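What you see below is based on every heavy atom in this structure, not just the backbone, and it leaves out hydrogens, waters and symmetry mates. Convention: sequence-line order gives letters A, B, ...; per-chain numbering from 1. Treat the numbers as computed from the prediction; the structure is a model and nothing was measured.
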Amino acid sequence: MNSTENMDHQLYIHNTASRKKELFEPISPPFTGMYVCGPTVYGDPHLGHARPAITFDLVYRYLLHLGYKVRYVRNITDVGHLVADLDEGEDKIAVRARLEQLEPMEIAQYYADRYFIYMDSLNVKRPSIEPRASGHIIEQILMVQKILDAGYAYEVNGSVYFDVEKYSRTYEYGKLSGRVLEDLMSNTRSLEGQDEKRNAADFALWKNAQPEHIMRWPSPWGDGFPGWHLECSAMSTKYLGDYFDIHGGGMDLLFPHHESEIAQCQAAIGHESVKYWLHNNMVTINGQKMGKSLGNFITLEEFFTGTHASLKQAYSPMTIRFFILQAHYRSTLDFSNEALQAAEKGLKKLLAGYETLGRLPLPLPLPKQGGEASPPTPLPGGEGRICDLRDACYSAMNDDFNSPMVIAALFEGVRIINSAADKTEILTEAETEMLKEIFDTFLFEILGIKNEKGGDNQGVLDGLMQLILAIRQKSRETKDWGTSDQIRDALQKLHITVKDGKEGSSWGTE
RNA sequence: GGUUUCGUGGCCGAGUGGCUAGGCAGCGGUCUGCAAAACCGUGUACAGCGGUUCGACUCCGCUCGAAACCUCCA
């Protein structure tokens, strides 16, 4: 659907900053800027990485559908995160490099590639720009300098720290996450390098690198590396401007990461840079966050191959995607085999419904009476029923991207399709077309579900199946059930399911 | 301890001040050579205790329980 007119839709999004749903009004429509915190590439992507990627893919896809010109920026963090419990504030990437005797950039490249491969398989659209922190050291140094010039940072022994206490005299550090500065001052745990800070709540903008530290860059304050909140501030404003529309990320980044981004931009630029803050909730396993540090994560590769001890079977990328979209992005989502299996079956039903729709015979005009063909009997409930379904999909998306409600509406569509196939309801040609459009738009374009069957050999496969089913039909007509069942069982082993209906047999792949 | 959020039927998961979410599983039926699929029917679920209200699962308070963040994590 082409549609600048779609922008007339009133899209409401939940802004973490105000904790309310707000009408989405881009700063300079139709252009829209969106920045999302991407992965730190020092490990294989797991289910936790899939959540924000899919969540903001949904946002991206819907904004595009509405006709906005979106520039979507998602960073790759390949430098900058300090490891607190190791000496010298060693960089995470560098730690892995030493263990595996590889160059840090080799590690970053390897895992970034892995990330792309798995996000592609989840049908996550690639962002417009995927900047790397290591490629923006100059921008980060310039930003540190601006913050120093503005008087909200201080240098100690080649490191530069943000002066939270001074910043708080004019601005409100903690407004995004609801923290109170006094608590932060007293409750922040003692860390290495603490003695250099004036206050416990201060955070590093630039860290001096010890001689053995391999990831290092020259700066006005000596050789070192950027603090971990800095890259997002530097890269988001570089590519989206000083004030842009949407900043997204996981809820676990709210504090201190996003809180500090706000402070950095305020200090360096003179105003905040983000209009709408969006945060996705966590994926949990046994009620606990699935994360690297807890060691309870399951990688996407393990899901796809079924090779993790907690998995009863393999789950396809689309099952994972559908599973995530069945929950609202701001709810926690608990992993379990039962939930995943339910998602798998539900998705299969949805896709089967779409296939049935494509095969639905058009209603035959009733026999001519007096030279006039009677029009097909309209659906019970009136012609508007399919329109209502489409409206329900839009309403759901406009209400803070409520994908579970979209899915519920699509299931209602499947019910109607199947009833039509069973001849208990009649769909007009126009209604059939509209249903097809709803599925194409919402299931495939916006929810980003990919119909995994098909491909180059689809035409050959269709022809072969037609032939096989014709032969089987002959054996059925002579009540040769042995041959009939033999064909069905053999096909089942190839994951092709034969369904015998009143109008003959049909087939589907799993 | 503080901040933020949450507690919905066997499981997952929406939503709302009075009217069916939806999926999966179960049960009954229709269809079918058998099977699968599909369709129809089927569940007085909203942590507990108070309060506001004609009426609360939905608003307010308290209690209990859970999670995220306060240290790298999506």
Side-chain angles (χ1 to χ4, degrees), chain A residues 16 19 36-40 42-43 45-53 55-56 81-86 91-92 174 176-180 182-184 186-191 201 228 248-257 259 279-284 287-294 297 322-323 326-328 330-350 352-353 356 392 396 399 402-412 414-415 417-419 421-425 476 479 481 484-485 488-489 492 497-502 506 508:
Chain A
T16 312
R19 298 188 181 83
V36 173
C37 291
T40 302
Y42 67 103
H46 58 75
L47 189 60
H49 292 99
R51 185 106 196 246
T55 294
F56 293 103
H81 284 204
L82 298 172
V83 172
D85 51 349
L86 288 174
D91 191 283
K92 269 193 171 168
L176 184 67
S177 54
R179 310 288 157 129
V180 180
E182 288 71 42
D183 296 339
L184 291 173
S186 54
N187 286 342
T188 304
R189 202 169 73 172
S190 283
L191 292 173
W228 71 285
M251 264 183 191
D252 50 350
L253 297 178
L254 244 162
F255 188 91
H257 187 54
E259 198 70 70
H279 291 93
N280 63 277
N281 217 133
M282 302 292 101
V283 174
T284 59
Q288 262 203 326
K289 172 181 169 182
M290 184 181 284
K292 187 112 184 139
S293 58
L294 292 166
F297 63 95
F322 188 69
F323 170 67
Q326 265 190 312
H328 185 84
R330 283 189 291 109
S331 302
T332 53
L333 175 61
D334 199 53
F335 154 83
S336 72
N337 280 282
E338 291 76 8
L340 241 13
Q341 283 162 359
E344 183 178 56
K345 286 193 178 178
L347 177 59
K348 194 175 162 188
K349 184 174 176 176
L350 228 36
T356 304
D399 185 15
N402 197 324
S403 51
M405 285 192 75
V406 173
I407 290 170
L410 293 175
F411 273 115
E412 173 61 14
V414 168
R415 216 211 85 246
I417 291 165
N418 285 331
S419 292
D422 275 8
K423 304 272 199 285
T424 56
E425 287 185 22
R476 281 164 57 79
K479 298 202 191 301
W481 307 124
S484 167
D485 290 353
R488 186 174 66 195
D489 294 347
Q492 190 59 57
T497 306
V498 176
K499 301 168 198 170
D500 298 326
K502 279 181 183 170
S506 62

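A:L410 is not listed as a side-chain neighbour of A:V414, based on a closest heavy-atom distance of 4.5 Å or more. Taking 4.5 Å as the limit, some side-chain heavy atom of A:L350 sits within range of a side-chain heavy atom of A:F322. Contact annotation: the side chain of A:M290 never approaches that of A:T284 to less than 4.5 Å [non-hydrogen atoms, C-beta and beyond]. With contacts defined as side-chain heavy-atom distances shorter than 4.5 Å, the pair A:L340/A:F335 qualifies. Residues A:M282 and A:R51 are not in side-chain contact: their nearest non-hydrogen atoms beyond the backbone lie 4.5 Å or more apart. Residues A:R488 and A:D500 meet the side-chain proximity criterion, which asks for heavy atoms closer than 4.5 Å.
Note: CG (A:N280) to P (B:A68) measures 15 Å, nearest angstrom. A:D252 places its CG atom 8 Å from the C1' atom of B:C69, with the value rounded to the nearest Å. If you measure from atom CE of A:M282 to atom P of B:U4, you get 17 Å, rounded to the nearest angstrom. In this structure, the NE2 atom of A:H279 is 11 Å from the C1' atom of B:C69, given to the nearest Å. Between the CG atom of A:L176 and the P atom of B:C69 there is a distance of 15 Å, given to the nearest Å. Rounded to whole Å, atom P of B:C39 lies 10 Å from atom CD1 of A:I417. Between the C1' atom of B:C12 and the CG atom of A:L340 lies a distance of 10 Å, rounded to the nearest Å. Whole-Å rounding puts the A:M251 CE to B:A68 P distance at 13 Å.
The separation of B:C6 from B:G48, taken at their C1' atoms, amounts to 16 Å, rounded to a whole angstrom. Nucleotides B:C12 and B:U71 place their C1' atoms 33 Å apart, quoted to the nearest Å. Distance check on atom C1': B:G23 versus B:C64 gives 31 Å, rounded to whole Å. As rounded to the nearest Å, B:C59 and B:U3 have C1' atoms that lie 23 Å from one another. Distance check on atom P: B:C69 versus B:A36 gives 46 Å, rounded to whole Å. Taking the P atoms as reference points, B:C11 lies 27 Å from B:U5, given to the whole Å. Taking atom C1' in both B:G15 and B:C57, one finds a spacing of 10 Å when rounded to whole Å. Straight-line distance between the C1' atoms of B:U32 and B:G26: roughly 22 Å, to the nearest whole Å.
Comparing A:G178 and A:N418 by the nucleotide of RNA chain B whose heavy atom lies nearest to each, the residue mapping closer to the 5' end is A:G178.
One distance of note links NE2 of A:H328 with CE of A:M405; it measures 11.5 Å at 0.5 Å rounding. Atom SG of A:C37 sits about 7.5 Å away from atom NE2 of A:H279, to the nearest 0.5 Å. Here the CG atom belonging to A:D252 is positioned 8.0 Å from the CG atom belonging to A:N280, to the nearest 0.5 angstrom. Note: A:R19 CZ to A:L176 CG = 7.0 Å, rounded to the nearest 0.5 Å. How far CG of A:D422 is from OG1 of A:T356: 9.5 Å, rounded to the nearest 0.5 Å.
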Identify each atom pair where a protein N or O and an N or O of nucleotides 33-35 of chain B are less than 3.5 Å apart, giving names and distance.
from, atom 1, to, atom 2, distance (Å)
B:G33, O6, A:R476, NH1, 3.0
B:G33, O6, A:S484, OG, 3.3
B:G33, N1, A:D485, OD1, 3.1
B:G33, N2, A:D485, OD2, 2.9
B:C34, O2, A:R488, NH2, 2.9
B:C34, N3, A:R488, NH1, 3.0
B:C34, N3, A:R488, NH2, 3.4
B:C34, N4, A:D500, OD2, 3.2
B:A35, N6, A:D500, N, 3.4
B:A35, N6, A:D500, O, 3.3
B:A35, N3, A:R488, NH1, 3.0

Distances under 3.5 Å between protein N/O atoms and the N/O atoms of nucleotides 24-30 of chain B, please, pair by pair.
from, atom 1, to, atom 2, distance (Å)
B:A25, OP1, A:K345, NZ, 2.8

Any N/O pairs under 3.5 Å between the protein and nucleotides 13-15 of chain B? List them or say none.
from, atom 1, to, atom 2, distance (Å)
B:G13, OP1, A:D334, N, 3.1
B:A14, OP1, A:H328, N, 2.6
B:A14, OP1, A:S331, OG, 2.7
B:A14, O3', A:N402, ND2, 3.3
B:G15, OP1, A:N402, ND2, 3.1

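With sequence neighbours excluded, the residues satisfying side-chain contact (heavy atoms from CB on, under 4.5 Å) with A:S419 are A:R415, A:T424, A:E425. Under the ring-ring contact (aromatic ring centres under 6.0 Å, His included) criterion, A:H49 pairs with A:H46, sequence neighbours left out.
No donor-acceptor distance shorter than 3.5 angstrom exists from the side chain of A:Q326 to the backbone of A:A343, with no hydrogens or angles considered.
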(message) Dot-bracket for RNA chain B, please. Rules: Watson-Crick or G-U, both distances under 3.5 Å, ( ) within the strand, [ ] when a pair crosses earlier ones, | for another strand, . otherwise.
(response) (((((((..(((.....[...))).(((((.......)))))....(((((..]....))))))))))))....
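Across all strands, A:L253 comes closer than 4.0 Å only to sugar-phosphate atoms, never to a base (heavy-atom distances). Using a 4.0 Å heavy-atom distance criterion, A:G48 is classed as a base contact.
Nearest nucleotide to the side chain of A:H49, out of B:C73, B:C39, B:A74: B:A74. Of the listed nucleotides (B:A74, B:C39, B:U4), B:A74 has the atom at the smallest distance from the side chain of A:V283. Taking only side-chain atoms of A:R179, from C-beta outward, the nucleotide of B:C40, B:U3, B:A21 with the closest atom is B:U3.
Contact record, A:G174 with A:E259: N-OE2, 3.0 Å, taken as the closest heavy-atom pair.
Listed pair A:R415 / B:C40 meets the phosphate criterion, a side-chain N or O lying under 4.0 Å from OP1 or OP2. Between A:K289 and the phosphate of B:C69, there is a side-chain N or O to OP1/OP2 separation shorter than 4.0 Å.
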(request) Applying side-chain contact (heavy atoms from CB on, under 4.5 Å), run through A:T497 and A:Q492 and close with a yes or a no. (result) CA-CA 5 Å; A:T497 306; A:Q492 190 59 57; 3.5 Å; yes
